[in-house]
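Notes follow the structure.
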Amino acid sequence: MHRIVLFSQYFKDEQVVIILLIFLVLLYCTSHVVGAKDDLYVNITILEILQRIIIRYGFVFCTVCLDGSPPAYHLHRGHGTGLGSWIIYLDGGGWCDSITACLNRSTTNLGSTKHMGKEGFFDGILHNTSIRNPEFHNWNRVRIKYCDGSSFTGDVEQVDPENKLYFRGARIFKAIMEDLWSKGLESAENVRIYCTFSAILSGISAGGLATILNCDKFKCLLPENARVGCVADAGFFIYGRTIDDTSYIQEMYHKIVNLHKSYKLSLFLFCFKGLLRIYHQPAHLKNILVPPHVDPQHVWEDCLNNTKTCTSSQHIAIQAFGVEFLKTFEGLPPCFTRGYFLTSCYSHGGILAPPYWFSSTSPRLLNKTIGETVADWYFERTRFQCIDPYPCVKVCKDLNNH
């Protein structure tokens with residue numbers, strides 16, 4: 001009897017310990033969701049040699065970065081209702097339009113996986129909490145590393161023995177898509193029985209341009225009944241003139257296309273689901289209006305870093321560029337499903353940054369953040385086409401400058 005009492009007391013004590021442990025775990029989890037330490041880093045996945053070989057018409061094509069190293073991506077798995085849904089995010093980082101520029105790039109993280117970090121930062125549209133990313137937090141989220149210098153459009157088989165550079169951006173996109181489908185879309189076929197299969201292709205800057213150029217190809221890789229959308233952030237670059245009235249960006253793109261053989265990429269009029277373009281100025285001004293070579297005296301340097309320091313003549317030039325941008329944008333063929341969220345906030349890349357994507361400091365149009373707008377547009381809750389032109393900036397609160 002004494003032993004039974006002791007055992008009973010021990011059992012009760014153990015129950016108390018278990019309850020306390022559960023309480024502490026719940027407390028930790030709650031703190032983790034709402035606390036400041038919410039940053040998410042995801043391990044890199046590097047394609048093995050067999051995964052980066054594409055067989056086309058009986059020929060073997062190897063898929064590699066500029067320096068010949070294998071391409072890579074970061075994948076954070078979805079759960080619950082997001083099991084059958086995917087966000088594919090394409091990194092940005094400019095371009096290389098010459099052998100010299102590409103050689104220099106091949107020794108950095110923008111041209112080689114040898115120089116990339118082992119973890120990728122996931123925030124904004126890629127974050128995994130409903131507080132920061134209400135609509136897409138439980139989707140499968142992928143961040144594809146950018147290492148080709150052509151916005152994933154290059155397709156050159158020959159390798160120059162002197163420089164040993166590889167121009168195969170289009171193959172990188174295809175190989176990674178195929179690898180992701182083998183890892184998730186097979187099971188997604190079963191998931192589709194119970195819920196809608198959804199996919200978004202997105203990217204910033206050079207990755208935003210890649211989103212536009214690869215949008216139809218992305219659609220063709222997916223089931224016919226999939227809900228597909230493309231979100232290009234700061235990736236719409238116009239053929240504007242520089243401050244000395246030259247066509248620098250047009251000439252640069254011609255060089256990129258010729259060097260990387262980007263003209264092999266098949267382009268269509270994209271109007272199956274449209275594109276939501278988010279416009280931010282810095283990359284456009286620095287690549288189109290004031291590229292470095294047209295400002296050798298650095299007269300524009302302070303203005304480009306902080307528009308509050310711009311002179312009146314510089315403000316006029318920027319405003320004229322904004323008018324030209326909107327004129328080009330509004331000249332696109334009509335498309336009912338195309339959405340756009342155009343602000344002149346002086347920032348670059350909003351969908352991966354909490355202050356811009358979904359927070360109290362986010363730019364708002366029609367009282368909606370970028371995160372809310374993308375979700376409403378994608379799920380067809382509303383048709384969103386809104387412009388807040390420069391200099392009538394009323395939506396850029398608490399941002400660095402505008």
### Task
Take Glu380 and Arg227, measure what side-chain contact (heavy atoms from CB on, under 4.5 Å) needs, and give me the verdict at the end.
CA-CA 10 Å; Glu380 299 178 356; Arg227 184 199 295 269; 4.1 Å; yes

### Task
Under the side-chain contact (heavy atoms from CB on, under 4.5 Å) rule, what do Lys183 and Thr45 come out as? Steps first, then yes or no, please.
CA-CA 12 Å; Lys183 289 183 177 179; Thr45 298; 3.5 Å; yes

### Query
Between Ile87 and Ile125, is a side-chain contact (heavy atoms from CB on, under 4.5 Å) present by the stated rule, with each step listed?
CA-CA 8 Å; Ile87 288 180; Ile125 196 172; 3.7 Å; yes

### Task
Determine, stepwise, if the pair Leu47 / Thr63 fulfils side-chain contact (heavy atoms from CB on, under 4.5 Å).
CA-CA 9 Å; Leu47 292 193; Thr63 302; 5.6 Å; no

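Between the side chains of Thr309 and Asp302, no donor N or O sits under 3.5 Å from an acceptor N or O. The closest side-chain donor-acceptor pair between Ser359 and Thr361 falls under 3.5 angstrom. Looking at Ser313 and Thr311, their side chains do bring a donor and an acceptor atom within 3.5 Å of each other.
Using modelled atom types, no side-chain atom of His260 and backbone atom of Ile256 make a donor-acceptor pair closer than 3.5 Å. With Asn138 contributing its side chain and Gly78 its backbone, the two residues share no donor-acceptor pair below 3.5 Å. In this structure, Arg132 contributes its side chain and Pro354 its backbone to no donor-acceptor pair below 3.5 Å. Judged by distance alone, with hydrogens and angles left aside, the side-chain atoms of Trp377 form no donor-acceptor pair with the main-chain N or O of Arg338 at under 3.5 Å. No side-chain donor-acceptor contact under 3.5 Å links Thr307 to the backbone of Cys303. Although no hydrogens or angles enter the test, the distance criterion places a donor-acceptor pair under 3.5 Å between the side chain of Thr211 and the main chain of Gly203. Side chain of Asn258 to main chain of His254: a donor-acceptor pair is present (N/O by atom type, distance under 3.5 Å, no hydrogens or angles).
Heavy atoms only, all atoms of each residue included: Ser362 and Thr369 are closest at CB-CG2, 3.7 Å. What you find for Ile212 and Gly235 is that their closest heavy atoms are CD1-O, 3.7 Å. In terms of heavy atoms, Arg381 sits closest to Ala375 at NH2-CB, 3.4 Å. Of all heavy-atom pairs spanning Thr153 and Ser262, the tightest one is OG1-OG, 2.7 Å. Nearest heavy atom pair, residue Leu75 against residue Val42, reads O-CG1, 3.3 Å.
Taking the six-membered ring for Trp, Phe122 and Tyr89 have ring centres at least 6.0 Å apart. Outside the 6.0 Å centre-distance limit, the rings of His127 and Phe358 are not counted as a close aromatic pair.
The shortest distance between side-chain heavy atoms of Val374 and Phe341 does not fall below 4.5 Å. Between Ile288 and Phe325, every side-chain heavy-atom pair lies at or beyond the 4.5 Å cut-off. No side-chain heavy atom of Glu251 sits under 4.5 Å from any side-chain heavy atom of Thr246. In this structure, the side chains of Asn128 and Asn133 stay at 4.5 Å or more apart for every pair of heavy atoms. Considering only heavy atoms from C-beta on, Leu342 comes within 4.5 Å of Leu326 through its side chain. By the 4.5 Å heavy-atom criterion applied to side chains, Ile243 and Trp300 are counted as neighbours. Between His293 and Tyr248, some side-chain heavy-atom pair lies under the 4.5 Å cut-off. The side-chain heavy atoms of Lys286 and Pro291, taken from C-beta on, include no pair separated by under 4.5 Å.
Ring geometry, Phe237 versus Trp95: the interplanar angle exceeds 60°, so the pair is classed perpendicular (tilted spans 30 to 60°). Note: Tyr239 and Tyr253 have tilted aromatic rings, judged against thresholds of 30 and 60 degrees for the angle between ring planes. The aromatic rings of Trp139 and Phe136 stand perpendicular to each other, their planes meeting at an angle above 60°, with 30° marking the opposite boundary.
Geometric assessment of Arg105 against the ring of Tyr146 yields a positive cation-pi assignment under the 6.0 Å and 45° thresholds.
For the atom pair NZ (Lys174) and CE (Met177), the distance works out to 11.5 Å, reported to the nearest 0.5 Å. With rounding to the nearest 0.5 Å, the separation of CD1 in Ile318 from SG in Cys310 is 4.0 Å. Interatomic distance, Thr242 OG1 to Gln250 CD, rounded to the nearest 0.5 Å: 12.0 Å. The line from NZ of Lys145 to CD1 of Ile46 is 10.5 Å long, rounded to the nearest 0.5 Å. Expressed to the nearest 0.5 Å, how far CG of Leu66 lies from OG1 of Thr113 amounts to 11.0 Å. To the nearest 0.5 angstrom, Glu372 atom CD is 11.0 Å from Ile370 atom CD1.
At a threshold of 4.0 Å, the pair Arg143-Asp123 does not count as salt-bridged, since none of the basic side-chain nitrogens sits closer than that to a carboxylate oxygen. Under the 4.0 Å criterion applied to side-chain N and carboxylate O atoms, Arg171 and Glu178 are not assigned as salt-bridge partners. Classification of Asp155 and Lys261 as a salt-bridged pair fails, no side-chain N sitting under 4.0 Å from a carboxylate O.
Judged as a salt bridge (Lys or Arg N to Asp or Glu O under 4.0 Å), and not counting sequence neighbours, Arg141 has no contacts.
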